[in-house]
Amino acid sequence: MLNSSDNKNEKNHSSRKQNARYEHSAIEKRWQKLWNEAKKKPQNLDEKAAQKKKYILEMFPYPSGKIHMGHVRNYTLGDVLARFHRAKGCHVLHPMGWDAFGLPAENAAFEHKEHPQTWTKNNINAMRQQLKSMGLDIDWQSEIATCNPKYYKHEQEMFLDLLDKKLAYRKEAWVNWDPSENSVLADEQVIDGKGWRSGAVVQKRKLAQWFFKITHYAPQLLEALDSLEKWPEKVKTMQRNWLGKSQGCVIRFNIKQKQTEQENLQENLVVFSTRPDTIFGATFCAISPNHPLCEKLAKTNKQIETYIKQANSQDKNASKGAEKEKSGIHSGLSLIHPLDQNIEIPLFVSDYVLMEYGTGAIFGCPAHDQRDLDFARTHSLEVKPVVLPKGEDSLTFAITDTAWTGGGTLFRSKFLDGLTIQAAIDKATEALQKKGAGERKTTWRLRDWGVSRQRYWGCPIPVVHCKKCGIVPVPRNELPIKLPQNVSFDKPGNPLERAEEWRKTKCPNCSNSAERDTDTFDTFVESSWYFLRFCDPRNEKKAISEQAQKWLPVDQYIGGIEHAILHLLYSRFFTRALTDCGYLEELKEPFEGLFTQGMVCHATYQDEKTKKFLFPYQVERGKGTQKNKWFHKESGANVIGGRSEKMSKSKKNIVDPQKVISDYGADTARMFMLSDSPPERDLEWSGEGIEGAARFMQRLWRLADENIVEAIGGESESIKRSDEGIKTISSEELERITHQTIRDATKDIEQLRFNRAIAKLRSLCNNIEACRASDKNAQAQKSHAFATLLRLFHPFIPHITEELWQKSGKQKILTETAWPDFDEDKAREEEVVLAVQINGKMRATIKLPANCEQSTAEKQALQQDNVQRNLGVASVKKIIFVPNKIVNIIAEKTS
RNA sequence: GCCCACUUGGCGGAAUUGGUAGACGCAAGGGACUUAAAAUCCCUCGGUGAGGAAUCGCCAUUCCGGUUCGAGUCCGGAAGUGGGCACCA
């Protein structure tokens with residue numbers, strides 16, 4: 001491992017030669033300072049500049065206090081692109097901010113008695129320093145933090161606009177309730193159905209909460225996915241599934257006349273089905289315990305009331321997955337089959353029917369739906385098959401314990417008999433429609449976005465509750481509604497509810513005393529529009545200025561796959577909603593390109609006896625025959641080396657980026673992050689890997705010694721070495737390779753294939769070494785190749801390349817130097833190697849001038865010894881020729 | 001259960017999108033330099049067979065089958081691994 005004391009020794013020993021080794025710390029600091037000074041003010045785009053804009057954005061971090069390797073990977077990837085496009089002459093927006101609201105700050109306040117604001121600010125300061133030490137080309141002047149009232153003021157205003165447009169509304173919804181703490185819990189605070197702090201079994205409670213009407217945009221959100229060509233297919237699939245469009249039919253079942261009169265009920269029950277073809281297989285109907293009809297029935301039926309309570313007390317997380325035994329209770333009501341007045345169908349209440357989906361009511365067709373079948377078996381209901389699979393006999397076909405969900409033809413279904421499923425769906429829907437008993441309907445899995453959180457550290461919801469006027473929006477000129485500073489965190493629950501002074505206010509309408517809403521927004525709200533704010537972050541008048549119109553869409557958004565659904569979908573929704581509220585003109589999709597990076601993984605280590613996890617720095621590999629074993633560094637105890645998993649605190653398989661940067665430097669860390677694994681795949685962190693990257697820095701440094709010194713006429717010692725047995729290339733070849741490398745690496749960077757780009761740059765490095773400077777011309781060529789190497793490497797490892805660039809006597813700093821162009825003529829190969837195949841098998845290779853004639857190639861190919869030998873007595877039937885690639889001789893044995 | 005992705009040496013991965021499989025790197029082994037170590041440099045490195053050697057052959061991209069002059073790449077099937085959703089009617 002490199003550490004500073006070693007470096008000092010090295011320096012003393014080789015005092016005759018300065019800069020023998022690359023010492024990162026001083027150099028990196030120096031360049032970070034110089035870049036910062038050279039940085040131009042954030043640019044406002046004019047029409048012309050907007051033509052060449054690139055908005056590069058990485059998902060902004062939550063200020064936890066320390067950067068982790070995931071951040072290093074994320075921001076390095078973005079930084080390479082930002083630096084690359086800047087060199088290409090683009091106007092680049094590459095900002096950074098903080099997703100600063102959220103639960104951890106509140107927890108910290110509870111545990112360490114530190115105000116969330118103080119905690120967050122300290123964390124931001126610490127993390128900013130760490131990010132800066134990575135040498136990121138970020139516009140720090142446009143930094144934003146979402147907990148700043150200057151930021152969330154606009155969010156409150158947006159909310160009022162959404163309210164005006166009826167895109168925000170209030171309704172009752174279930175929350176997790178901790179009965180011991182008397183407080184609402186976030187989903188992540190519920191562990192195995194219990195409160196994380198109290199351990200009490202969590203209950204469900206209904207509270208009035210705010211919702212955003214994302215479902216209004218469901219069709220657009222689905223359709224537009226097709227236009228997102230630069231998004232990973234995987235993410236689009238996940239979003240499609242999440243939106244969950246399904247086409248079907250709503251069907252009205254009349255409730256038996258006598259009953260509706262008696263109990264003053266509605267006349268019919270509306271169910272949703274994607275399989276109206278199986279309507280004659282319906283042997284029961286079921287409604288959700290939370291269905292309005294069920295709630296009415298509960299008033300006169302104690303059993304139903306009990307069942308509802310039971311169903312709602314179960315934690316939803318605990319009862320995940322389909323159970324064979326399906327609970328339920330008869331409602332006491334009967335329904336009339338919509339297509340046959342003579343059929344009476346019993347109505348059940350069951351918790352396997354979800355109120356949130358469809359109409360909260362279903363008709364059960366046990367023969368052709370597994371869940372209905374399970375329910376029917378549990379409650380001994382009739383199972384009536386109406387779809388006959390191919391090859392089955394209508395008289396003998398029976399359902400046992402698996403429902404038939406495949407194809408077939410309808411039977412026992414009157415006018416549907418003999419039809420295929422699709423034809424029957426159409427005909428049944430038509431019949432229902434004619435009778436006025438149903439119609440086509442599209443249903444979505446997506447539900448409206450509940451944004452109320454019973455938390456302190458979030459953006460306050462700007463409404464007032466007045467006894468007389470109801471819910472009254474706060475007038476715009478009173479915004480922002482700031483969070484009160486003086487609050488206590490020593491008790492569980494929402495501190496805002498206890499902040500009497502803040503809570504009590506006057507109704508803007510009638511001036512009577514009223515109360516503020518004590519809920520705050522889900523933190524996903526802040527992250528749904530921050531990328532718009534970055535374009536003009538200090539604009540106090542407008543949340544989103546015309547600058548956003550010019551900078552958006554984000555050209556390349558980079559982040560983790562974990563945000564594939566929620567954050568990205570919310571942002572897509574928000575952009576549309578804001579457009580409808582007049583904040584933007586004509587912006588549909590916020591992120592044109594999306595890149596989801598892989599995770600950073602590391603092997604896990606466990607003490608063999610205690611099974612406790614150990615940090616990587618606590619263990620070492622055995623020596624000699626013990627090579628595959630691991631031991632505790634201090635105690636020598638046996639350690640189990642586990643498989644590689646995502647770095648996480650709980651498994652202790654983490655490596656601290658700060659330590660890596662101070663030991664090896666930012667460039668080494670960046671190099672390692674980028675070099676081997678493709679960015680979308682998981683990256684395996686290893687000590688050998690970082691050492692390898694560090695070695696490369698030294699190699700580049702030495703290579704500079706040979707190439708720069710020679711170029712400016714000095715003398716180099718290390719050049720004096722034996723050429724015996726070493727492969728060498730001519731300076732002409734080096735020139736060609738240099739231009740090819742510019743061409744290929746540029747393409748790779750554009751496509752975010754950084755590992756390939758780096759492989760090609762390393763290869764160029766090898767070739768520079770392999771080229772012997774025999775004369776002045778060759779020396780100039782080598783020097784040019786090396787300068788090109790520095791320019792190409794700069795986005796990846798900016799500090800060392802900048803330093804070497806300056807050492808080579810260049811006036812302009814590399815960060816402001818244009819990307820190299822390649823010369824097509826110089827990149828062109830004069831000679832190519834063709835493969836010669838016989839019946840598709842490789843037999844020889846031939847070297848020929850590029851683009852040579854088929855006849856020449858054939859002649860050459862046939863002359864090869866090995867070709868002749870393999871051909872033997874066989875006769876040539878046909879020759880396939882692909883220019884510059886292969887000659888395939890098709891031969892047939894002569895008999 | 002449904003949907004999706006992936007599978008190439010000891011390891012991470014290349015392969016110009018159907019045309020010489022294994023670039024680049026890590027690890028490993030051997031050697032040079034050194035009193036020694038570190039660093040650096042050189043050589044070997046998918047398996048296997050023949051040969052003193054240069055070489056030559058066979059088998060290899062998870063497995064089975066297909067299309068093609070030619071398949072890691074396209075199509076069909078199977079297995080394994082990972083991921084998403086999950087009582088969604």
Side-chain angles (χ1 to χ4, degrees), chain A residues 6 9-10 20-21 232-242 244 246 248 271-275 278 286 319-324 326 350-354 356-365 368-372 374-375 405 443-447 561 564-565 627 672 675-678 681-684 686-689 691-693 695-696 698-699 702 718 721-722 724-726 743-744 747 753 755-766 769 833-845 865-866 869-870 877-882 884-891:
Chain A
D6 279 350
N9 286 340
E10 181 73 29
R21 279 182 76 82
E233 218 36 65
K234 189 181 175 179
V235 174
K236 289 194 272 185
T237 307
M238 279 160 75
Q239 292 215 351
R240 273 187 201 107
N241 293 341
W242 189 261
S246 70
V271 307
F272 174 76
S273 174
T274 54
R275 291 292 300 275
T278 62
S319 65
K320 249 187 182 175
E323 287 152 16
K324 274 262 165 199
K326 296 216 184 306
S350 175
D351 63 0
Y352 89 90
V353 183
L354 307 174
E356 299 87 351
Y357 185 76
T359 60
I362 58 155
F363 77 73
C365 175
H368 305 294
D369 183 290
Q370 191 58 48
R371 296 153 302 175
D372 296 348
D374 294 341
F375 186 82
T405 52
T443 302
W444 301 81
R445 206 195 78 106
L446 180 75
R447 286 164 214 167
I561 187 81
I565 300 174
K627 214 167 64 186
F672 174 65
S675 53
D676 279 352
S677 299
R681 274 199 228 173
D682 287 354
L683 177 135
E684 166 82 17
S686 73
E688 289 91 2
E691 290 285 346
R695 230 175 293 147
F696 180 75
Q698 299 302 339
R699 189 173 165 216
R702 282 194 308 272
S718 45
R721 59 174 187 220
S722 162
E724 279 172 65
I726 302 168
R743 180 189 64 198
D744 298 343
K747 208 171 157 195
R753 299 200 271 209
N755 59 318
R756 302 205 308 190
I758 287 180
K760 280 160 197 162
L761 296 185
R762 293 184 90 132
S763 200
L764 177 59
C765 223
N766 294 346
E769 275 197 337
V833 178
L834 277 81
V836 181
Q837 301 179 336
I838 297 175
N839 294 333
K841 284 207 181 217
M842 257 283 288
R843 294 301 175 195
T845 54
D865 286 351
N866 206 33
R869 201 178 315 130
N870 278 285
K877 226 181 131 189
K878 188 176 156 190
I879 294 178
I880 287 162
F881 174 74
V882 181
N884 299 331
K885 287 210 171 119
I886 60 151
V887 179
N888 190 6
I889 302 161
I890 314 302

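Each chain gets a letter, A, B and so on, in the order the sequences are listed, and its residues count up from 1.
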U7(B) and C75(B): how far apart are their P atoms, nearest whole angstrom? 14 Å
Rounding to a whole Å, what distance do you find between Q239(A):CD and C3(B):P? 20 Å
I would like to know whether I561(A) and K234(A) meet side chain to side chain contact (heavy atoms under 4.5 Å, CB included); could you show each step before the answer? CA-CA 9 Å; I561(A) 187 81; K234(A) 189 181 175 179; 4.2 Å; yes
Please determine whether a side-chain nitrogen or oxygen atom of K841(A) lies at a distance below 4.0 Å from atom OP1 or OP2 of C59(B). yes
Less than 4.0 angstrom between a side-chain N/O of N755(A) and OP1 or OP2 of G25(B), yes or no? no
Output the single nucleotide from A89(B), C4(B), U20(B) whose closest atom is nearest the side chain of V833(A). U20(B)
Of S677(A) and S273(A), the one whose closest nucleotide on RNA chain B sits nearer the 5' end is S677(A)
Starting from the 5' end of RNA chain B, give me the residue, N766(A) or V882(A), whose nearest nucleotide shows up first. V882(A)
Can you check nucleotides 53-56 of chain B for protein contacts, nitrogen or oxygen pairs under 3.5 Å, and list what you find?
unit_1, atom_1, unit_2, atom_2, d
C56(B), O3', N866(A), OD1, 3.4

Is it the case that the side chain of S350(A) and the backbone of V353(A) share a donor-acceptor pair, with hydrogens and angles ignored and the cut-off at 3.5 Å? no
Winner on side-chain proximity to F272(A), out of C4(B), A89(B), C69(B), is A89(B)
Identify which nucleotide among C24(B), C87(B), G19(B) has an atom closest to any side-chain atom of I880(A), counting heavy atoms from C-beta outward. G19(B)
Might you work through the side chain to side chain contact (heavy atoms under 4.5 Å, CB included) test for Q837(A) and I886(A), ending with a clear yes or no? CA-CA 7 Å; Q837(A) 301 179 336; I886(A) 60 151; 4.0 Å; yes
With distance as the sole test, does D369(A) use its side chain to make a donor-acceptor pair with the main-chain N or O of G364(A) at under 3.5 Å? no
Identify which nucleotide among A89(B), C85(B), G19(B) has an atom closest to any side-chain atom of S246(A), counting heavy atoms from C-beta outward. A89(B)
Criterion side chain to side chain contact (heavy atoms under 4.5 Å, CB included) on N766(A) and R699(A), from CA distance to verdict: CA-CA 10 Å; N766(A) 294 346; R699(A) 189 173 165 216; 2.6 Å; yes
Does a side-chain N or O of R681(A) approach OP1 or OP2 of G13(B) to a distance below 4.0 Å, or not? yes
Can you tell me how far P of C85(B) sits from CE of M238(A), to the nearest Å? 6 Å
